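First comes the structure, then the notes that go with it.
Nothing here was measured: the structure is a model prediction, and the numbers come from that model.
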Amino acid sequence: MSAASSPATSPLTIGGVTLQSRFFLGTAGYPSPAVLQQAVAVSGSQVVTVGLKRQLAGDGKPNDFMALVRATGAHLLPNTAGCRTASEAVTLARMARELYGTHWIKLEVVGDEHTLQPDPYELVEAARTLAKDGFEVFPYCMDDIVSCQRLLDVGCRILMPWGAPIGSGQGLLNPTALRTLRARFPDVPLVVDAGIGSPKDAVQAMELGYDAVLLNSAVSQARDPVAMALAFKLAVESGRLAWEAGIMARQDMAVPSTPVTGRPFVL
């Protein structure tokens with residue numbers, strides 16, 4: 001592909017929907033509704049997450065917020081944030097389906113209060129029930145192969161392994177595990193979810209061959225969330241384009257970039 005053709009990344013088909021953007025954005029913690037709308041707009045994100053439990057804990061009327069996020073034109077991905085058991089998550093997911101009119105659900109079942117690490121056992125049980133109930137389950141999970149395989153076995157078609165604890169901004173703590181997961185499940189859509197702190201983390205995730213990244217705090221808590229949303233948009237596109245173009249292999253020793261013999265081009 002020539003530089004003049006303005007190359008773009010390939011579209012992503014996930015959950016039966018084809019998307020041009022591989023940047024999924026959360027909607028919590030923004031300074032104002034106007035800033036949230038502007039951030040979503042400049043991010044180009046076509047998927048935004050919404051927390052039903054958080055909305056109901058406010059005034060019990062999620063309608064105003066629903067109108068705001070629907071106005072962005074993005075697909076809604078309700079989450080079960082705050083749930084601690086499979087039964088609680090299943091109940092909340094069913095409520096979200098009725099309120100938001102979507103069978104997509106970001107499944108979160110937390111097992112540790114300090115790290116907010118997913119509970120692999122409750123997560124699998126909730127995923128099993130929801131998959132049978134017709135949901136497209138986007139499970140927030142750990143980056144180990146065994147628990148991911150269990151989620152696929154019970155009907156998940158997408159995996160969302162963490163990069164680091166939610167909201168920590170620590171980046172990708174275990175890129176080796178993420179790389180192994182990508183190699184083990186080459187045909188499964190993989191989304192890095194949680195822990196991303198800066199655009200360089202998004203670039204790294206995409207260069208590992210991940211299909212998308214999902215983040216919230218890194219944008220909403222920035223000094224200028226709108227500018228940061230744009231920075232992440234460019235980072236995601238850059239990382240994915242680099243992966244599609246083919247990143248050169250690392251070498252143990254120096255390799256001359258300007259040969260002193262032979263022809264300047266391979267013909």
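Considering every non-hydrogen atom in both Pro165 and Thr115, the closest pair reads CB-O, 3.6 Å. Leu116 and Tyr140 make their closest contact through O-OH, 3.6 Å (heavy atoms, listed as atom of the first residue, atom of the second, distance). Of all heavy-atom pairs spanning Arg97 and His103, the tightest one is CD-CA, 4.3 Å. Heavy-atom minimum distance, Ala39 versus Pro225: CB-O, 4.2 Å. Of all heavy-atom pairs spanning Leu99 and Arg70, the tightest one is O-NH2, 4.0 Å. Leu130 and Ile105 get closest at one heavy-atom pair: CD1-CG2, 4.3 Å.
Under a 3.5 Å cut-off, the side chain of Ser238 and the backbone N or O of Ala235 do not form any donor-acceptor pair. Of the possible donor and acceptor atoms, none in the side chain of Asp133 sits under 3.5 Å from a partner among the backbone N and O of Thr129. A donor-acceptor pair is defined here as one N or O able to donate and one able to accept, closer than 3.5 Å; such a pair exists between the side chain of Thr91 and the backbone of Ser87. Listed for the Thr85 side chain is a donor-acceptor partner under 3.5 Å among the backbone atoms of Glu88. For Gln221 (side chain) and Ser217 (main-chain N/O), no donor-acceptor pair under 3.5 Å exists by modelled atom type.
Applying the salt bridge (Lys or Arg N to Asp or Glu O under 4.0 Å) rule to pairs touching residues 115-128 yields Glu125-Arg128, sequence neighbours excluded.
Rounding to the nearest 0.5 Å gives a distance of 13.5 Å between CE of Met228 and OG of Ser43. Taken to the nearest 0.5 Å, the NZ atom of Lys233 stands 13.0 Å off from the CG atom of Leu25. Considering CD of Glu207 and CG of Leu172, their distance stands at 11.0 Å, rounded to 0.5 Å. The CG atom of Leu107 sits 7.0 Å away from atom SG of Cys156, with the distance rounded to the nearest 0.5 Å. A distance of 12.5 Å separates CG in Leu215 from CD1 in Ile166, rounded to the nearest 0.5 Å. Put simply, CG on Leu159 and CG on Asp211 are 10.5 Å apart, with the number rounded to the nearest 0.5 Å.
Two different hydrophobic clusters hold Phe24 and Val40 under the rule that ILVMFWY side chains link at heavy-atom gaps under 4.5 Å. In this structure, Phe138 is not a member of the same hydrophobic cluster as Leu190, with clusters built from ILVMFWY side-chain heavy atoms closer than 4.5 Å. Cluster membership for Val42 and Leu19, using ILVMFWY side-chain heavy atoms within less than 4.5 angstrom, is not shared. Hydrophobic cluster membership differs between Val188 and Val17, with clusters built from Ile, Leu, Val, Met, Phe, Trp and Tyr side chains linked at under 4.5 angstrom. In terms of hydrophobic clustering, with Ile, Leu, Val, Met, Phe, Trp and Tyr side chains grouped at heavy-atom distances under 4.5 Å, Leu123 and Val192 are assigned to a common cluster.
Around CZ of Arg157, the count of heavy atoms belonging to other residues, nucleotides or ligands within 6.0 Å does not exceed 12.
Val124 places a side-chain heavy atom less than 4.5 Å from the side chain of Leu151. For the pair Val213/Met206, a side-chain contact is recorded, criterion being any heavy-atom separation below 4.5 Å from C-beta on. The shortest distance between side-chain heavy atoms of Leu152 and Phe185 falls below 4.5 Å. At a threshold of 4.5 Å between non-hydrogen side-chain atoms, the residues Thr102 and His75 do not count as touching. Under the 4.5 Å side-chain criterion, counting only non-hydrogen atoms from C-beta, Val137 is not in contact with Ile158. Under the 4.5 Å side-chain criterion, counting only non-hydrogen atoms from C-beta, Arg22 is not in contact with Val191. Inter-residue side-chain proximity for Tyr121 and Ser147 is flagged as unmet; no heavy-atom pair is nearer than 4.5 Å. Inter-residue side-chain proximity for Leu208 and Arg182 is flagged as unmet; no heavy-atom pair is nearer than 4.5 Å.
Glu98 has no carboxylate O lying under 4.0 Å from a charged side-chain N of Arg94, or vice versa, which leaves the two without a salt bridge. We find that Glu244 and Arg240 are joined by a salt bridge, their nearest charged nitrogen and carboxylate oxygen being less than 4.0 Å apart.
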Apply side-chain contact (heavy atoms from CB on, under 4.5 Å) to residues Leu214 and Thr49 and explain how you reach the verdict.
CA-CA 9 Å; Leu214 191 161; Thr49 63; 3.5 Å; yes
For Asp193 and Lys106: C-alpha separation, side-chain torsions, deciding distance, then whether side-chain contact (heavy atoms from CB on, under 4.5 Å) applies.
CA-CA 10 Å; Asp193 176 21; Lys106 178 189 172 187; 2.9 Å; yes
Before you tell me yes or no, could you show the steps for Leu234 and Phe23 under side-chain contact (heavy atoms from CB on, under 4.5 Å), namely the whole-Å CA-CA distance, both residues' side-chain angles and the distance that decides it to 0.1 Å?
CA-CA 10 Å; Leu234 298 174; Phe23 178 18; over 6 Å; no
Go through Gln149 and Val146 one step at a time and tell me if the side-chain contact (heavy atoms from CB on, under 4.5 Å) criterion holds.
CA-CA 5 Å; Gln149 183 63 64; Val146 175; 5.8 Å; no
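Of the N and O atoms on the side chains of Thr18 and Thr13, at least one donor lies less than 3.5 Å from an acceptor on the other residue.
Residue Trp162 is tested with Asp143, Leu178, Ile196 for a side chain to side chain contact (heavy atoms under 4.5 Å, CB included); the sole match is Asp143.
Taking the six-membered ring wherever Trp is involved, the centroid distance between the rings of Phe135 and Trp104 does not fall below 6.0 Å.
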